[in-house]
Amino acid sequence: MKEIVHKTKNMVQKAFSENEGSHDWHHIERVRRMALHLMQSEGGNRFIIEMSALLHDLEDWKITHENTDNQKVKSWIHSFKIPHQICDDIVQVINEVSYKGAGVSTPCSSIESMIVQDADRLDAMGAIGIARAFAFGGSKGHPLFLPHKEIVLHESFEHYKKKQTSTLHHFYEKLLLLKERMNTNTARKIAGERHRFMLTFIDEFKKEWEF
Ligand code: ADP
Ligand code: NI
């Protein structure tokens with residue numbers, strides 16, 4: 001199992017070597033480490049957690065711009081002699097990780113899924129979350145802020161995917177909502193601190209904007 005995780009790390013590191021800062025190899029590695037930290041108090045199967053953390057963004061719609069039905073992930077894990085049930089569990093976790101809009105629920109069917117979803121979302125919060133949001137927005141040419149544009153809490157994944165707003169809007173559409181959507185108590189505590197830091201940042205941003 002260790003060997004499979006090691007090979008998967010190398011494959012993902014190569015695949016992500018040219019990505020911009022919001023979805024680069026370091027994001028994957030932080031999510032893997034945070035997921036293992038959460039596992040220490042919350043439990044779960046280490047192999048499933050580590051593999052799905054490593055593979056969770058390989059076919060993300062935001063990066064690939066298409067729905068590939070996890071074909072790459074499936075063929076990668078099926079190339080090892082892993083029991084079918086475990087492969088299915090990994091794919092299920094990956095399918096359940098992603099945020100799909102303020103009004104869209106993203107339930108988790110296993111403790112592994114709860115942990116990887118929490119770890120991914122914690123990396124979208126706090127100082128690193130702020131940096132990632134502006135890296136992502138910058139890569140798409142989004143403005144920092146559009147003061148007159150309304151804030152929309154998207155009720156469907158389709159609308160959320162098509163949205164065209166400023167990066168500061170993204171805080172209201174996603175980042176500030178994450179604290180309430182944590183699955184585990186361990187993550188909820190960390191999310192509280194990261195949330196407060198984002199609020200301080202937004203206050204200061206608006207003060208400077210309106211100076
Ligand atoms: P998820 O799968 O839940 O969307 P990811 O790990 O793929 O999570 O990464 C989402 C990251 O991309 C977050 O850090 C988030 O801030 C950033 N992001 C996504 N959409 C936007 C956007 N419209 N503006 C700014 N940042 C964004
Ligand atoms: Ni991610």
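Each ligand, and each atom within it, is numbered from 1 in the order the structure gives.
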Provide the number and element of each atom of ligand 1 under 4.0 Å from a heavy atom of [X].
X: Ala124; result: 13 (C), 14 (O)
X: Ser98; result: 1 (P), 2 (O), 3 (O), 4 (O)
X: Leu175; result: 16 (O)
X: Asp57; result: 6 (O), 7 (O)

Between the side chains of Thr167 and His170, is a donor N or O closer than 3.5 angstrom to an acceptor N or O? no
Are a donor atom and an acceptor atom from the side chains of Gln92 and Asp88 found within less than 3.5 Å of each other?
no
With heavy atoms and a 4.0 Å threshold, my read on which part of Phe136 contacts ligand 1 is side chain
Worksheet item: Less than 4.5 Å apart, any side-chain heavy atom of Asp123 and any of Met34?
Response: no
Handout entry: Pair Arg32 + Glu29, salt bridge at N-O below 4.0 Å
Key = yes
Write down the atom of [X], the atom of [Y], and the distance for their closest heavy-atom approach.
X: Leu176; Y: His195; answer: O-CE1, 3.3 Å
X: Arg188; Y: Lys179; answer: CG-O, 4.3 Å
X: Leu122; Y: Arg194; answer: O-NH1, 3.0 Å
X: Leu178; Y: Arg121; answer: CD1-O, 3.7 Å

For [X] and ligand 1, answer yes if some heavy atom of the residue is under 4.0 Å from a ligand atom, otherwise no.
X: His23; result: yes
X: His27; result: yes
X: Glu173; result: no

Exactly one of Val5, Val116, Ile94 clears side chain to side chain contact (heavy atoms under 4.5 Å, CB included) with Met51, and that residue is Val5
Checking distances from the Ni ion (ligand 2), one finds that the N, O or S atom of Asp120 closest to it is OD1
Answer key: the N, O or S atom of Asp57 nearest to the Ni ion (ligand 2) is OD2
Look only at interatomic distance and state if Arg132 has a nitrogen or oxygen under 3.5 Å from any nitrogen or oxygen of ligand 1.
yes
**Message:** Geometry only, no angles: is Ser22 polar-contacting ligand 1 at N/O separations under 3.5 Å?
**Reply:** no
Open item on the list: If I take every N, O or S atom of His23, is at least one of them less than 2.8 Å from the Ni ion (ligand 2)?
Closed with: no
Checklist line | Metal proximity, Asp123 vs the Ni ion (ligand 2), N/O/S cut-off 2.8 Å | finding: no
